[in-house]
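Everything numeric in this text was worked out from a predicted model, so none of it was measured.
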Amino acid sequence: MAIFNNKKNGAEERLPENLPQHIGFIMDGNGRWAKKRGLPRTFGHTEGAKTFRKIVRYCKDIGIPYISFYAFSTENWKRPKDEVNAIMNLFREYIIDVRNYLSENTRMIFLGDISELDEDLQQKIRDLEYDTKDYKEMTLMMAVNYGGRAEIANATRQIAQKVKDGELEISDINENTVNDFLYTHEAPDVDLIIRPSGELRLSNFLIWQSAYAEYYFTDVLWPDFTPKELDKALIEFSKRGRRFGGV
């Protein structure tokens with residue numbers, strides 16, 4: 001069934017029928033957004049968090065079952081300490097905020113190595129994942145201290161341990177085996193990767209899961225990314241011919 005979108009010129013505009021099942025968002029451009037306005041980079045992250053909330057709600061409204069957000073990479077620790085602290089505090093605020101609408105039936109999964117986060121934040125993450133584990137309307141995955149190569153290396157170590165313990169034969173290892181040990185093992189592969197800010201790269205985000213994803217790049221900075229901008233990406237996605245290696 002087609003989903004009706006915002007009105008335009010007095011007429012209702014339809015979103016395409018073939019919406020992606022899993023969208024990955026690379027939330028880029030917060031710092032540049034703030035710099036253009038003569039503001040601290042931390043202010044850009046605050047505005048970016050507001051955009052994040054809007055996009056999550058919109059995806060839920062139009063029926064996207066899986067969404068992933070690249071929030072903090074393994075390389076982002078190199079940023080100024082005050083900026084890192086501001087981002088971590090935004091995570092804390094979000095976890096508190098999401099408690100206010102748990103009834104919206106959204107499952108939360110965090111992707112990445114959370115062991116390097118402050119203990120209080122680790123506990124909040126574990127509690128939120130546990131409290132939402134049975135929710136099924138939408139799954140929201142947030143990548144924190146995440147890197148695609150690190151994820152694959154982590155999966156490889158776990159598989160190697162299984163072989164060492166005699167629980168798995170080397171000859172039985174295939175793509176499904178690797179997938180089973182990824183952070184995203186409970187979600188389908190990504191259908192659409194969206195990156196604002198004008199950069200044209202994945203930056204180590206879901207590199208295994210996006211093997212057959214469609215990519216959508218825009219010059220709009222993340223704090224200015226609106227549901228209408230997402231609509232443009234969805235319409236473009238509907239025009240792509242996805243053959244998955246076939247004819």
Next on the checklist: Quick check for you: to the nearest 0.5 Å, what is the distance between F110 atom CZ and L117 atom CG?
Outcome noted: 9.5 Å
Checklist outcome for this item: Heavy-atom closest pair (L15 atom, Y58 atom, distance to 0.1 Å) is CD1-OH, 3.9 Å
Checklist entry - Can you check whether R240 reaches E236 side chain to side chain, under 4.5 Å on heavy atoms? => result yes
Checklist entry - Between I55 and P227, what is the shortest heavy-atom contact and its length? => result CD1-N, 4.0 Å
Item to check | Salt bridge flag under 4.0 Å for residues E129 and R126 | outcome: no
Checklist entry - Considering residues, nucleotides and ligands other than E119, do more than 12 of their heavy atoms fall under 6.0 Å from its CD? => result yes
Next on the checklist: Nearest 0.5 Å, please: how far is CD1 in I170 from CD1 in I159?
Outcome noted: 11.5 Å
Checklist entry - If Ile, Leu, Val, Met, Phe, Trp and Tyr residues are connected whenever their side-chain heavy atoms lie under 4.5 Å apart, and connections chain through other members, are L128 and I87 in the same group? => result yes
Next on the checklist: Given 3.5 Å as the limit, does a donor-acceptor pair link the side chain of S73 with the main chain of N76, or not?
Outcome noted: yes
Next on the checklist: If you define the side chain from C-beta out and look only at heavy atoms, does anything of K81 sit under 4.5 Å from N85?
Outcome noted: yes
Item to check | Minimum side-chain heavy-atom gap F52-F25 below 4.5 Å | outcome: no
Checklist entry - Would you say E214 and D191 make side-chain contact, with heavy atoms under 4.5 Å? => result no
Item to check | Cationic N near anionic O, under 4.0 Å, R107 to E137 | outcome: no
Item to check | Backbone of G48 reached by a side-chain donor or acceptor of W222 within 3.5 Å | outcome: yes
Next on the checklist: Both conditions, 6.0 Å and 45 degrees, for the charged tip of R79 above the ring of W77: are they met here?
Outcome noted: no
Item to check | T226 side chain reached by K54 side chain, heavy atoms, under 4.5 Å | outcome: no
Checklist outcome for this item: To the nearest 0.5 Å, atom CG of D224 lies from atom OG of S197 at 11.5 Å
Next on the checklist: Does atom NZ (K60) have a neighbourhood of more than 12 heavy atoms from anything else shown, all under 6.0 Å?
Outcome noted: yes
Checklist entry - Are I95 and M138 in one and the same hydrophobic cluster, where Ile, Leu, Val, Met, Phe, Trp and Tyr link if side-chain heavy atoms are under 4.5 Å apart? => result yes
Checklist entry - What are the two closest heavy atoms between D180 and H185, and how far apart are they? => result O-CB, 3.6 Å
Checklist entry - Between I26 and I194, is a side chain to side chain contact (heavy atoms under 4.5 Å, CB included) present by the stated rule, with each step listed? => result CA-CA 6 Å; I26 300 175; I194 297 175; over 6 Å; no
Next on the checklist: According to a hydrophobic-cluster definition based on side-chain heavy atoms being under 4.5 Å apart (Ile, Leu, Val, Met, Phe, Trp, Tyr only), do I96 and M108 belong together?
Outcome noted: no
Next on the checklist: With ring pair (Phe, Tyr, Trp, His ring centres under 6.0 Å) as the test, pick out the partner of F205 among Y215, Y70, F72.
Outcome noted: Y70
Checklist entry - Does the Q209 side chain pair with the main chain of D189, one donor and one acceptor, at a distance under 3.5 Å? => result no
Next on the checklist: Using modelled atom types and a 3.5 Å cut-off, is there a donor and acceptor pairing between side-chain atoms of H22 and backbone atoms of P188?
Outcome noted: yes
Checklist entry - What are the two closest non-hydrogen atoms of Q122 and I114, and how far apart are they? => result CG-O, 3.1 Å
Item to check | Residue pair W208 / I152: nearest heavy atoms and the distance that separates them | outcome: CB-CD1, 4.1 Å
Checklist entry - Which distance, rounded to the nearest 0.5 Å, do you find between the CD of E47 and the OG1 of T42? => result 11.0 Å
Checklist entry - To the nearest 0.5 Å, what is the distance between CG (D113) and OG1 (T74)? => result 9.5 Å
Checklist entry - R32 side chain to L221 main-chain N or O, any donor-acceptor pair under 3.5 Å? => result no
Checklist entry - If you draw a 6.0 Å radius around CZ in R149, do more than 12 non-hydrogen atoms from other residues or ligands fall strictly inside? => result no
Next on the checklist: What verdict does the side chain to side chain contact (heavy atoms under 4.5 Å, CB included) test give for L111 and L206, after you've listed the backbone C-alpha separation in whole Å, the side-chain angles of each residue and the deciding distance to 0.1 Å?
Outcome noted: CA-CA 10 Å; L111 315 176; L206 300 179; 4.2 Å; yes
Item to check | Exercise: identify the closest heavy-atom pair between A213 and V190 | outcome: CB-O, 3.4 Å
Checklist entry - CD of E169: more than 12 outside heavy atoms within 6.0 angstrom? => result no
Item to check | Side chain proximity check, Y66 to I23, heavy atoms < 4.5 angstrom | outcome: no
Next on the checklist: The test is side-chain hydrogen bond (donor to acceptor under 3.5 Å, both in side chains); show your working for T177 and N174 and say whether it passes.
Outcome noted: CA-CA 5 Å; T177 311; N174 55 33; 3.1 Å; yes
Checklist entry - Got a salt bridge between D120 and R92, using NZ or NE/NH1/NH2 to carboxylate O under 4.0 Å? => result yes
Item to check | ring pair (Phe, Tyr, Trp, His ring centres under 6.0 Å) evaluation trace for F237 with Y216 | outcome: CA-CA 8 Å; F237 173 82; Y216 180 85; over 10 Å; no
Next on the checklist: Could you check whether R195 pairs with E199 (Lys NZ or Arg NE/NH1/NH2 to Asp/Glu carboxylate O, under 4.0 Å)?
Outcome noted: no
Checklist entry - Looking only at atom types and distance, does a side-chain atom of D165 sit under 3.5 Å from a main-chain N or O of E167, one as donor and one as acceptor? => result no
Next on the checklist: Is there a side chain to side chain contact (heavy atoms under 4.5 Å, CB included) between Y146 and N204? Walk through the geometry before answering.
Outcome noted: CA-CA 9 Å; Y146 173 89; N204 205 16; over 6 Å; no
Checklist entry - Mind checking whether I173 and L168 have side chains closer than 4.5 Å, heavy atoms only? => result yes
Checklist entry - How about M88 and L121: do any of their side-chain heavy atoms sit closer than 4.5 Å? => result yes
Checklist entry - Cluster question for you: counting only ILVMFWY and a side-chain heavy-atom cut-off of under 4.5 Å, with indirect links fine, are L200 and I207 together? => result yes
Item to check | Intermediate values then yes/no, side chain to side chain contact (heavy atoms under 4.5 Å, CB included), N30 and F43 | outcome: CA-CA 8 Å; N30 293 333; F43 192 83; over 6 Å; no
Next on the checklist: I'd like to know whether D127 forms a side-chain hydrogen bond (donor to acceptor under 3.5 Å, both in side chains) with Q123, so could you lay out the CA-CA distance, the side-chain angles of the two residues, the decisive distance to 0.1 Å, and finally the verdict.
Outcome noted: CA-CA 6 Å; D127 290 345; Q123 191 58 54; 2.9 Å; yes
Item to check | Rounded distance (nearest 0.5 Å) linking atom CG of N145 with atom CD of E116 | outcome: 4.5 Å
Next on the checklist: Would you say F69 ends up clustered with L90 if hydrophobic residues are merged whenever their side chains have heavy atoms under 4.5 Å apart, either directly or through other cluster members?
Outcome noted: no
